[in-house]
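Structure first, commentary second.
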Amino acid sequence: MSLLLLFACGPAPSWTYDGALAPTYARMDLDGDGRVVGAEYVRLALAGPAFERVDLDRDGLLSTEELDRLVFLQDPLSFDGANERQSWGEVDQTETTHPDGFERRSLRDLFRSLAEAIRAVDPGAELPDEATIEAAARTRRLESFESRALLLALAQAADAAGAGFPERLRPAPLPGEAP
Amino acid sequence: MTRSAGPPALLLPTALSIALSGAGCAVEARDTRPPMVVISLDTLRADRLGAYGGPEGLTPNLDRFAEEAVVFEAAYAQANETLFSHASLFTSRYPSELGRLTYDFQLAEEGPPTLAEVLALYGYTTGAVTAGGQLTEGMGLDRGFDDWSEPADWGSLYHTIPPGLAWLDEAREGDAPWLLFLHGYDTHHRYLKPTPFGLLDADPEYRGVGEEAALDPTGTARIFGDWLHPTRELGALFDFREPRLLGEGFNTRLRAAVGSPGSRALPLGSGAHGFLRGVYDGSVRYADAMFGVLMAELEARGVLDEAVIVVLSDHGESLGERGWYNHRYSLTDEDLHVPLMIRLPGEAQTGGLRVAEPVALLDVAPTLLELAGAAPLADGRGRSLLGPVDEIPSPFVFSEGAFRAVSARGPEGRLTFTGVGADSPWLGELIAMHPPESPALVGEGDVAHLQAAMVDWRRGLSPPPESATRTDPALRQELRRRGYWGME
């Protein structure tokens, strides 16, 4: 499809650069007289160029053409030297990523959430303490002795509280162990 | 599904068929599948747009676009972070199905297909021009794009529009339909934009600590409560081992940090929050102006007559409502309610149509694929927004937080579950066993119904591919340098 065909049969362009920036210009025009004078510009120039640099024809007004130029000359990443001034070196380098990785974090969250759900049903439920949870989480394995013992205790507490318990997390009896 | 305005039976397809029939224009024999432009305005809150009930006159160009488009009034992002949200947008999958929600996240090669991949299979030429940051090639989101460029890191539409138009001009020389994805961090912190936008919606007479926060690139990210902290070391106050990221432990450490004798935290003082919100609005006005320029360029090329234009944001932004200026930390409307507007080619009859029911960014890819006549994404979680709108089934929209939280929104209210990561294999069962009064569940409305819906949702999701982890240490270090200091 040729551009000419499109332009020939389509409506006149209704989106324009001037139109895109016209509301901004109108907003700058505080007294609504249709013109932006130096004072109306200066109050907004927190870190922008001085009015003298913007008012190219030195008529004391910011024209729409001068606004266009101003907008498209200022890179939003560096218009006030921000990138150079920024001290990224101050950014905290504290290692908050957990050294033990996902498994331990995930297991701790799992055990805590199980305990929390039981406690929400029965605030007086006897539940494993934080140290026990941490010790199980440190094993990083759901099948470890510590995790298994913890899950058994949580399952029993859930049963006693009537809180329900995810069946796939309920440890199966070991060989020779009573169900 | 009901609408607040517009014709009663069909939503997008009627208008599309009219638009594609030529609308009175001479059309040469060529592929009639519509080209597509998807514009992602990063970190743009829906409620700042006039079309979404925001301040009058702040977004005149986007509001005008809304009059020509279908406006989805209740669109929600599936994540409160750029990387995860775009990964979800491109795949119509929840982020936790794509990888662990940490900054090791990478869209794996063997993961679910992307919108661009499927469109490419159907003969589309595909290009993306992003503003870098979390949308860099190393994240894997470039999968399926013939061309992917990042003209500026953490840049704006100011940087991405020119190369985007250059790509578009080249694509239009071919016979194939095309997809252009265009992105900008215009409203991401730092909010302060060049004169005159920076203070145009803030009080220019304000003097105070808020000025420092506005001028410094990490300024607003250093605000917690009514204090501006000297460095981002405040991130250390987060204890990622605690069930609630912003629980009492955090508050205790925050109070101690602010009140300690050696603290260099500065009280924001009166007027600072209003000033900073005004500066954010200035960034919104800037994005709006750049968007207007983009529309002028598209119209001049005749693209508005031939292409589907989608405008959206990947997430919103908290502006001090809970004590910080950021996203990532919560799943509130401030962080998740986003604009979503779809404009069909030409003088489509759908202009000005408004859809009040909740929809998800997950729905964008299925919608575009249907418009392209392509097969839907395998196991995509979204639904096409085309067709008889009364048949759109799910009333729930789910989202996943970067910090161990998931949420559900529906007609009955909303619910957030916290304490366990969205990528936990046990999440569904844990949500199910928590009674509604559990502190892990915070909601309003019919919490029990929302909880049941949340459990069903979790049980229907797939685990992420094993290899969905980025290993580039340089990229990770850069993210940490930028303040993404770790999420585990």
Select, from [options], the one with the greatest count of heavy-atom pairs under 4.5 Å involving chain A.
options                                   : answer
Leu441(B), Asp186(B), Leu200(B), Leu58(B) : Leu200(B)
Gly292(B), Ala296(B), Ser283(B)           : Ala296(B)
Glu297(B), Met290(B), Met295(B)           : Met295(B)
Pro194(B), Ser156(B), Gly282(B)           : Pro194(B)
Leu298(B), Asp201(B), Asp288(B)           : Asp201(B)

### Summary
Note: vs chain B, highest number of non-hydrogen pairs under 4.5 angstrom among Val36(A), Asp75(A), Leu70(A) is Asp75(A)
### Top contributor to chain B contacts, counting heavy-atom pairs under 4.5 Å, from Pro23(A), Ala22(A), Ala158(A), Gly164(A)
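Most heavy-atom pairs within the cutoff with chain B belong to Pro23(A).
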### Message
With a 4.5 Å cut-off on side-chain heavy atoms, are Trp15(A) and Glu68(B) touching?
### Response
yes
### Task
Determine whether Phe51(A) and Thr195(B) make a side-chain contact, defined as any pair of heavy atoms from C-beta on separated by less than 4.5 Å.
no
Can you tell which part of [X] gets under 4.5 Å to a heavy atom of chain B, answering side chain, backbone, both or neither?
X        : value
Leu30(A) : neither
Asp18(A) : neither
Leu62(A) : neither
Leu21(A) : side chain

### Message
Whether the side chain of His434(B) engages the backbone of Ala120(A) through a donor-acceptor N/O pair (distance < 3.5 Å, no angle test) should be reported.
### Response
no
Can you establish whether the number of heavy atoms outside [X] located under 6.0 Å from its atom [atom1] is more than 12?
X         : atom1 : value
Glu56(B)  : CD    : no
Arg168(A) : CZ    : yes
Arg35(A)  : CZ    : no

Can you name the closest pair of heavy atoms from [X] and [Y] and give their distance?
X         : Y         : result
Ser438(B) : Glu116(A) : OG-CG, 4.3 Å
Pro76(A)  : Arg190(B) : O-NH2, 4.4 Å
Leu44(A)  : Pro196(B) : CD1-CB, 4.1 Å
Ala20(A)  : Val293(B) : CB-N, 3.6 Å
Tyr158(B) : Val71(A)  : CE1-O, 3.9 Å
Asn61(B)  : Gly19(A)  : OD1-O, 4.1 Å

With a 4.5 angstrom heavy-atom cut-off, could you sort out which part of [X] is near chain A: side chain, backbone, both or neither?
X         : answer
Tyr206(B) : neither
Pro60(B)  : side chain
Tyr286(B) : side chain

### Message
Before you tell me yes or no, could you show the steps for Leu192(B) and Phe79(A) under side chain to side chain contact (heavy atoms under 4.5 Å, CB included), namely the whole-Å CA-CA distance, both residues' side-chain angles and the distance that decides it to 0.1 Å?
### Response
CA-CA 10 Å; Leu192(B) 189 68; Phe79(A) 66 95; 4.1 Å; yes
### Contact residues of residues 426-433 of chain B (partner chain A; heavy-atom separation under 4.5 angstrom)
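Checking residues 426-433 of chain B against chain A gives Trp426(B), Glu429(B), Leu430(B), Met433(B).
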